[in-house]
Each structure stands twice: as C-alpha cells, then as structure tokens.
Amino acid sequence: MKILDASQLAELDQFSIDRQNISSWDLMERASRLAFQRLKSILPISPFKVHILAGPGNNGGDGLAIANFLTLEGVDVEVILVNYTEIRSEDNQSNLDRLKAAKVKIIDFNKASQLFKITSEDVVIDAIFGVGLNRSMPDFVQDLIQYINSVSPLSISIDVPSGMFLDRIPSANEQVFQSDYTYTFQTPKLSLFLPDYANSVGHLDIIDIGLDKEFLNSLSSHLTYVDLESAKKLYRFRSRFSHKGTYGHAVLVGGSQLMLGSIILAAKSCMRSGVGKTSVMMPNKAHLTMIQHQPEVMLIDNSSSHFISYHSLEFEPNSVGIGVGIGTSTEAFDALKSWLVNSKSPLVIDADALNLIAKHESLLDFIPKKSILTPHPGELKRLIGAWKDDSDKLKKIKSFSKKLDVIILAKEAYSLCVYKDQIYVNSTGNSGMATAGSGDVLTGLITGLFAQKYSSMDAAILGMFLHGLAGDLALKWMSEESLIASDLIDQLGHSFLKLKD
C-alpha cells in the first residue's frame, strides 16, 4: 500500500471526484459516514457527551458531518468551532448549516475564548487540522489541545491527530493531539508510524473511502506500507517438483560461551523459513546442545571452543547470517572481519556484529553491497550517530544506506526497511515482541528467505512482515506480557499460511 504526501492526497481526492462524477461534499459525506460507523463500535455504553472539535477546513467538515450522524443516533453532541481563521471551506459551511438547522449545540472558540469544561468521562473527536498542516498551530489552539490531553477523555482523531505534520517532527513546544484512536482515510501517512508521534496515534484504523484505485496505483512514491496484500505479492509458491537443493543452503555464524541461546533461536527460525538446508558455525562446546534443540541443523567445525572463528567453506552457501550472540571480544572481531573480507555475496548482519562494526569503522569498507543490517534502536544509534528527531533519523539511515549500498532494517514498533530513498513500513507486530531473542528469530528467518533466492530487499521486507505477523498470531493464545521469542518460531508456519489464503 502506497504512502502519499499531502499534495498527492489532494490530487487523488480531486481525480476521484472527477472520475466518479460526484461533488467534494459527496466524498466528504462518504468518508465521514465510514468513520462514524467505526466510531459507533467504541463509544461508551453509559451516558456520555461527545465534544467535536472542528476547524474551518475540510478536516473540520468531516467532523461536522460526523456530528450530524451522531445526532441522528440520539447522541448528546456539542460542536466546538475552532476558528483559527475566518475563512471556512464551502463543504464545511454546508455541514455547519445542516447542524444549525438541526439545533445542535454549537460553540464558537477563538483566541479570545475561555476554555470550556471537558471531563475524563467525555468523548472528544479531533477534526481541527488535517494532512495539510504546514506551520505551527496558533497558540490558542495549542493551549486547547494541551488542556484536552491533560484531561485524557476518550479521544478520536479524524485522518491525522491535529498538530501532526507529514513532512517534519514538531518542536518540543508544539502540541499534538493525543488520540486513543485515529481513523485515517484511504492511505496511511508516514508520520503515523514514527516513534516521535507514539503518544498521538493510538489504535490506527485505515479506512478505504473508495478513491480511484487505478489513479492511486499510478502515483509514484518512495514510501510503502507493507500489509498482507503487499506481502502476498512477494511470496513465492513452492513447486511440487522440487527438492531441498531448490530452496538453498543457509549458514548462520553466531554464539559465544555465555550467549548460546541466540544462535539456537536463529537456527530454529531459519529452518522454519522454508530453506532447504541450514548449517551453523558456533562454539564447539555447544554442538551437542544445538543438535538436542534442532537436530535438522548441520554443524561447521570451529577452531574455538568458546567463540566463533573463520573457516573457508567446502560449499558455496546461498546466504550467510552473522552476529547473533558473538560478543565483542578480540576473537569475535577477528572472525567477523574474516567473514566480511572473504564473503562473495551479501550478508545478513545483526547484533554484536553491528556493535563491532560501529566500534571499528574500518570494517565498514568490507561490508558486501546489498547486505541486510538489522539494528535495534541502540545499535542503529551506534552505527549512524545520534539524531535530533525521527525526520533526522530517516535522513541519516538513507544516507548510510546510499553510502554503503546496504539495506537497513531498523527494528521499531513499526519496523522500517530502508534502501537508499525507498522506505517500507511494517504493518505487523506488537509490544510483546520487545523481548530477548526476538531479533535472533528475525535474523534466522531473513537468512533462510535469502537462501531461497529472494532478493536482499524482498527477503528483508517479507521477513520483517512474517516476523511481526507471527507475533500477532501468538496473541491469540497468550498476552503480550507472556510472549517469548520461541513463541514467534511456533507461529511462523501459521504466518506463511496467511500468505496462501
């Protein structure tokens, strides 16, 4: 699913209006009705009051239309017109006239107004500013949003939370509406997935409002939201006439004397990826432990009993994943350097391998092009340096990717897969996956996919999606608090089945 900027969204709206031979008001009515239908399912059962904050633009027009639908349902509605300008859009005015005719309670609110009372038992619908916000909100609007955030009523934003920008991150003194739910129209917006806006989005619901799909597909975008439909396009069905050699030979290099669990998890995940064969180089003393946990794995001789080492292989692997649990010892550094220098193909690089690269920048010169680096936020910061905000972070990631010609899979609540200017935002995953070993499972999975002749980019994107989907499926049987990395491996088979539905 494409992620568009504000100008493209406006273009898509207008094209759809012309192609479908409807008015802009008709489109607003359609979008608002769909949002209202979602809204009904989350409203309290006990008596409550809904405050709708409506700006004078089309986002406010959506809010006014929702106010009409709520009124027709008998809900106690109060509309607050947040008048940051005297100019009101035509569709907004039409919806306002309809509410006035229906005798809905309407309050004008401007910079001279006093704050009205809202309680935590109320419902507040935010329709002040939409995707077109390109400058700081007026002070009185920021004061209003700060007040509502402090009260913490049930809060819903229409399209985007007011105060959210599509092209930058707010400064420390700029307010953003903090939503429990955000109903965004037709396509997701990148800002909705960035950690800097973590407190503002709440539960995200992307509502298809029937805009023209053909024109949407024709629009160019460097941003993609990886949902099930996108993942299905990457997935390759297996041939009945195939054998283990068809699906590649993956090699995993990892583990050290006190961190053996990581390589075991990675190996088990790799085997669940569909790969034909998996070989592991790990400390010799742990060979028996690996076989006990994953008897299908083959072992590569290692000259060290406690750390990884380097040996030229007697076969040409289809993929190599390195770094999980290797530590940052001198032995690990020497081995990593040898693997980097002698590799003829892209690698999957994770964990302590990334920490060693960050510590010894000379290793950057040896990273094979199109390699997949999978840092968590701490590892990412050590690699690319500190950032001011998420916008700056994305610029640094893209710059790093371009400089080294590598893929960066930045693990976050919404993981980002970045190659040069292309950004893929993952739709799957949950907070239960913030647990030790989760990243090791991802490394094994991507290494296994890469061995099956998926491109580096496709292996990273599909692995990211399946990994998060496994976490989501696990929540059918347990809580986020109880989820552990092994549970992800157990659900990988079910994740693949979703791609075949």
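For this chain, numbers begin at 1 and follow the sequence in order.
E73 is listed as a side-chain neighbour of F36, based on a closest heavy-atom distance under 4.5 Å. A 4.5 Å side-chain heavy-atom check between D458 and L462 finds every atom pair outside the cut-off. By the 4.5 Å heavy-atom criterion applied to side chains, F177 and V124 are counted as neighbours. A 4.5 Å side-chain heavy-atom check between E412 and P377 finds at least one atom pair inside the cut-off. A heavy-atom distance below 4.5 Å is found between the side chains of R38 and I207. In this structure the side chain of L154 reaches within 4.5 angstrom of the side chain of P44, judged on heavy atoms. Between L190 and L394, some side-chain heavy-atom pair lies under the 4.5 Å cut-off. By the 4.5 Å heavy-atom criterion applied to side chains, L223 and V425 are not counted as neighbours.
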Checklist entry - Do L219 and E11 pass the side-chain contact (heavy atoms from CB on, under 4.5 Å) test, and can you show the C-alpha distance, the side-chain angles, and the key distance before you say yes or no? => result CA-CA 10 Å; L219 292 171; E11 190 179 1; 4.2 Å; yes
Next on the checklist: Could you go through S482 and S479, starting from their C-alpha distance and side-chain angles, then the distance that decides it, and tell me whether this counts as side-chain hydrogen bond (donor to acceptor under 3.5 Å, both in side chains)?
Outcome noted: CA-CA 5 Å; S482 65; S479 69; 3.2 Å; yes
Item to check | Evaluation steps, side-chain hydrogen bond (donor to acceptor under 3.5 Å, both in side chains), between N426 and S415 | outcome: CA-CA 5 Å; N426 192 31; S415 292; 5.2 Å; no
Checklist entry - Run the side-chain contact (heavy atoms from CB on, under 4.5 Å) check on L53 and I125 step by step: do they pass? => result CA-CA 6 Å; L53 311 178; I125 298 176; over 6 Å; no
Checklist entry - Run the side-chain contact (heavy atoms from CB on, under 4.5 Å) check on D126 and I156 step by step: do they pass? => result CA-CA 6 Å; D126 160 39; I156 301 98; over 6 Å; no
Next on the checklist: The test is side-chain contact (heavy atoms from CB on, under 4.5 Å); show your working for L216 and T187 and say whether it passes.
Outcome noted: CA-CA 9 Å; L216 172 59; T187 65; 4.0 Å; yes
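Around the CG atom of N217, the shell of radius 6.0 Å holds more than 12 heavy atoms that belong to other residues, nucleotides or ligands. Atom NZ of K498 has 12 or fewer heavy atoms from other residues, nucleotides or ligands within 6.0 Å. Counting non-hydrogen atoms of neighbouring residues, nucleotides and ligands closer than 6.0 angstrom, the NZ atom of K213 exceeds 12 such neighbours. The environment of K402 atom NZ is dense: over 12 non-hydrogen atoms of other residues, nucleotides or ligands sit within 6.0 angstrom. Within a 6.0 Å sphere centred on NZ of K388, other residues, nucleotides and ligands contribute 12 heavy atoms or fewer. Annotation: D139, atom CG; neighbour count of heavy atoms from other residues, nucleotides and ligands within 6.0 Å does not exceed 12. More than 12 heavy atoms of other residues, nucleotides or ligands sit less than 6.0 Å from atom CG of L497.
D472 and N430 form a side-chain donor-acceptor contact under 3.5 Å, judged by distance and modelled atom types alone. Side-chain contact check for S427 and D227: no donor-acceptor pair (N or O, by modelled atom type) lies under 3.5 Å. When only modelled atom types and interatomic distance are considered, W25 and N95 share a side-chain donor-acceptor pair under 3.5 Å. For the residue pair S23 and D26, a side-chain donor N or O sits within less than 3.5 Å of a side-chain acceptor on the partner. Side-chain contact check for D122 and H51: at least one donor-acceptor pair (N or O, by modelled atom type) lies under 3.5 Å. Looking only at atom types and distance, the side chain of D212 has no donor-acceptor partner in the side chain of Q20 under 3.5 Å away. With 3.5 Å as the limit, one finds no donor-acceptor pair spanning the side chains of Q491 and D487. One side chain, K370 or Y419, offers a donor N or O that lies under 3.5 Å from an acceptor on the other. A donor-acceptor contact closer than 3.5 angstrom links the side chains of E480 and S431. Using modelled atom types and a 3.5 Å distance limit, the side chains of D91 and S89 yield no donor-acceptor pair.
Pairing each heavy atom of V104 with each of V77, the nearest pair is CG1-O, 4.1 Å. Counting all heavy atoms, side chain and backbone alike, G468 lies closest to M433 at CA-CE, 3.7 Å. In plain terms, the two heavy atoms of Y247 and S239 that are nearest each other are OH-N, 3.4 Å. Scanning both residues, V418 and K398, for their nearest heavy atoms gives CG1-CG, 3.8 Å. Residue I446 comes nearest to G463 through the heavy atom pair CG1-CA, 4.1 Å, listed as atom of the first residue, atom of the second, then distance. In this structure, S262 and G325 approach most closely via the heavy-atom pair OG-CA, 3.2 Å.
Judged purely by atom type and a 3.5 angstrom limit, D389 uses its side chain to pair as donor or acceptor with the backbone of S391. Q37 places no side-chain N or O within donor-acceptor distance of the main-chain N or O of L34, the cut-off being under 3.5 Å. Not one N or O on the side chain of S269 forms a donor-acceptor pair closer than 3.5 Å with the backbone of L265. Between the side chain of N149 and the backbone N or O of Q178 there is at least one donor-acceptor pair closer than 3.5 Å. A donor-acceptor pair under 3.5 Å links the side-chain atoms of S495 to the main chain of A470, judged by distance alone. Checking side-chain atoms of N92 against main-chain N and O of G55 turns up a donor-acceptor pair under 3.5 Å. Between the Q142 side chain and the Q175 main chain, a donor and an acceptor come within less than 3.5 Å of each other. A donor-acceptor pair under 3.5 Å links the side-chain atoms of Q8 to the main chain of S220, judged by distance alone. For S319 (side chain) and T447 (main-chain N/O), a donor-acceptor pair under 3.5 Å exists by modelled atom type. Distance alone, capped at 3.5 Å, places no donor-acceptor pair between the Q294 side chain and the M271 backbone.
Each of V201, L204, I158 was evaluated against T184; a single residue qualifies, L204, per the side chain to side chain contact (heavy atoms under 4.5 Å, CB included) test. For the side chain to side chain contact (heavy atoms under 4.5 Å, CB included) with L373, the qualifying choice from V348, I408, L409 is I408, the only one to do so.
Taking the six-membered ring where the residue is Trp, the centroids of Y84 and F129 are separated by under 6.0 Å. Ring to ring, Y225 and F193 are close: their centroids are under 6.0 angstrom apart.
In this structure, F237 and Y235 have perpendicular ring planes: the angle between them is above 60°, well past the 30° mark. The aromatic rings of F140 and F109 sit tilted relative to each other, their planes meeting at an angle between 30° and 60°.
Within the cation-pi definition used here (under 6.0 Å to the ring centroid, within 45° of the axis), R19 does not qualify as a partner of F215.
A salt bridge does not link R135 with E174: every distance from a Lys NZ or Arg NE/NH1/NH2 to an Asp or Glu carboxylate oxygen is 4.0 Å or more. Here D76 does not pair with K49 in a salt bridge; the nearest charged N to carboxylate O distance is not below 4.0 Å. In summary, K268 and D440 do not engage in a salt bridge, as defined by a charged side-chain N under 4.0 Å from a carboxylate O. Between D490 and R272, no side-chain nitrogen of the basic residue sits less than 4.0 Å from a carboxylate oxygen of the acidic one, so the salt-bridge criterion is not met. Ionic pairing of D97 and K100 is not present here: no N-O contact between side-chain nitrogen and carboxylate oxygen is shorter than 4.0 angstrom. Salt bridge annotation for K189-D159: present, with a cationic side-chain nitrogen under 4.0 angstrom from a carboxylate oxygen.
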